[in-house]
A.B. asks: 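Dropping the structure in here first, questions after.
In what follows, every heavy atom counts, from backbone to side chain, and hydrogens, waters and symmetry copies are set aside. The chains referred to below are lettered A, B, ... by the order of the sequence lines, with proteins before strands, and numbering in each begins at 1. This is a predicted model, so every value here is computed, not measured.
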Amino acid sequence: DTAVSQTPKYLVTQMGNDKSIKCEQNLGHDTMYWYKQDSKKFLKIMFSYNNKELIINETVPNRFSPKSPDKAHLNLHINSLELGDSAVYFCASSRTSGSTGELFFGEGSRLTVL
Amino acid sequence: GESVGLHLPTLSVQEGDNSIINCAYSNSASDYFIWYKQESGKGPQFIIDIRSNMDKRQGQRVTVLLNKTVKHLSLQIAATQPGDSAVYFCAENDYKLSFGAGTTVTVRA
């Protein structure tokens, strides 16, 4: 049973398209995240939701819109895709949104924009 | 810019030797630190954590050292094995978990 699962694992699309990545966690955690990992392996937080409520929104273009229908799901929709959006996107979850606690990551979704 | 970084982007280690991976952080308010391991094609996995009221913590074959005076974190891996080949990240937590750029560890047979 995968704890944090993301789909799709790979996504190749053209500039200007709109795409979504879905994430589900079965750990019963309250908090979920989206991270972006660039080609140099640098991991940067994008968003965090606690019990469906947005709590962290880093400097991310508003073409990126997260949606949390319930606390087990956090989806990421990206409008008008650009070349610079090519990256691996990781979903993660943690028990709480407090300042301590392990993050559990999914396997990543590799987005390639042509 | 990001507040957490690693001193070296790559580290090559002979199998059986000990590895030391270093990390500098800049936010003195951070009270919790984690080391993650990321194998190729996978998500980061938790290795070990340490709170700011400690300076050393040991796990199975791994030890994390925290020096708050110079804002330095290190991960020591004993008897490095081929399965230890991965990218290692340190992360610090104030209100969010911030990651450094990672050190790629390659284990030579």
Side-chain angles (χ1 to χ4, degrees), chain A residues 2-10 21 23-25 27 29 31-50 54-60 66 74 87-112, chain B residues 1-11 21 23 25 27-54 57 59 62 64 66 73 85-106:
Chain A
T2 306
V4 181
S5 58
Q6 311 177 214
T7 54
K9 191 170 173 66
Y10 299 98
I21 307 171
C23 179
E24 176 182 3
Q25 54 96 3
L27 297 166
H29 288 168
T31 308
M32 296 185 72
Y33 309 81
W34 278 109
Y35 277 81
K36 179 181 179 180
Q37 187 171 47
D38 63 22
S39 57
K40 295 182 179 173
K41 300 288 187 183
F42 194 73
L43 264 169
K44 187 173 173 63
I45 190 168
M46 300 173 69
F47 303 103
S48 174
Y49 272 74
N50 186 61
L54 181 67
I55 56 171
I56 293 176
N57 185 351
E58 293 294 289
T59 309
V60 177
L74 180 62
V88 182
Y89 293 85
F90 286 98
C91 177
S93 72
S94 64
R95 199 163 41 238
T96 69
S97 61
S99 63
T100 61
E102 177 188 350
L103 262 63
F104 292 79
F105 283 85
E107 298 273 275
S109 297
R110 180 176 292 276
L111 172 65
T112 303
Chain B
E2 292 300 319
S3 61
V4 176
L6 288 164
H7 291 302
L8 291 174
T10 61
L11 179 67
I21 307 167
C23 175
Y25 65 95
N27 188 351
S28 53
S30 293
D31 59 1
Y32 180 61
F33 304 87
I34 308 180
W35 279 99
Y36 278 86
K37 173 186 180 184
Q38 185 179 19
E39 295 176 355
S40 181
K42 296 191 174 182
Q45 286 185 297
F46 173 91
I47 302 173
I48 191 167
D49 59 1
I50 188 167
R51 296 179 194 274
S52 59
N53 62 353
M54 303 171 69
R57 188 155 191 238
V62 294
V64 56
L66 175 62
L73 200 64
S85 291
V87 181
Y88 290 81
F89 297 92
C90 67
E92 64 175 316
N93 202 337
D94 42 24
Y95 74 96
K96 64 178 180 181
L97 201 62
S98 298
F99 286 79
T103 291
T104 300
V105 173
T106 303

A.B. asks: Is A:Lys41 in contact with chain B via its backbone, its side chain, both, or neither, using a 4.5 Å heavy-atom distance?
C.D. replies: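 Both the backbone and the side chain of A:Lys41 come within 4.5 Å of chain B.
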A.B. asks: Distance alone, cut at 3.5 Å: any donor-acceptor contact between the side chains of A:Ser94 and A:Tyr33?
C.D. replies: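 Looking only at side-chain atoms, A:Tyr33 and A:Ser94 do form a donor-acceptor pair, the distance falling under 3.5 Å.
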A.B. asks: For A:Tyr49 and A:Pro66, indicate whether the former's side chain and the latter's backbone hold a donor-acceptor pair under 3.5 Å.
C.D. replies: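 Yes, because the side chain of A:Tyr49 sits within donor-acceptor range (under 3.5 Å) of the backbone of A:Pro66.
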A.B. asks: Which residues pass the ring pair (Phe, Tyr, Trp, His ring centres under 6.0 Å) test with B:Tyr36, sequence neighbours left out?
C.D. replies: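 Result, ring pair (Phe, Tyr, Trp, His ring centres under 6.0 Å) vs B:Tyr36: A:Phe105, B:Phe99.
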A.B. asks: Measuring heavy-atom distances to chain A, does B:Gln45 have an atom under 4.5 Å in its side chain, in its backbone, in both, or in neither?
C.D. replies: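 Contact with chain A: none, neither part.
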A.B. asks: Please state whether the side chain, the backbone, both or neither of B:Leu97 comes within less than 4.5 Å of a heavy atom of chain A.
C.D. replies: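 Both the backbone and the side chain of B:Leu97 come within 4.5 Å of chain A.
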A.B. asks: Can you tell which part of A:Gln6 gets under 4.5 Å to a heavy atom of chain B, answering side chain, backbone, both or neither?
C.D. replies: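 Answer is neither: A:Gln6 stays 4.5 Å or more from chain B.
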A.B. asks: What residues form a side chain to side chain donor-acceptor pair (under 3.5 Å) with B:Glu39, not counting sequence neighbours?
C.D. replies: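 For B:Glu39 the side chain to side chain donor-acceptor pair (under 3.5 Å) partners, ignoring immediate neighbours, are B:Lys37.
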A.B. asks: Between B:Thr103 and B:Leu8, which heavy-atom pair has the shortest distance, and what is it?
C.D. replies: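 Shortest heavy-atom separation between B:Thr103 and B:Leu8 comes out as OG1-O, 2.6 Å.
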A.B. asks: Select one option (side chain, backbone, both, neither) describing which atoms of A:Ile56 are under 4.5 Å from chain B's heavy atoms.
C.D. replies: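 The side chain, not the backbone.
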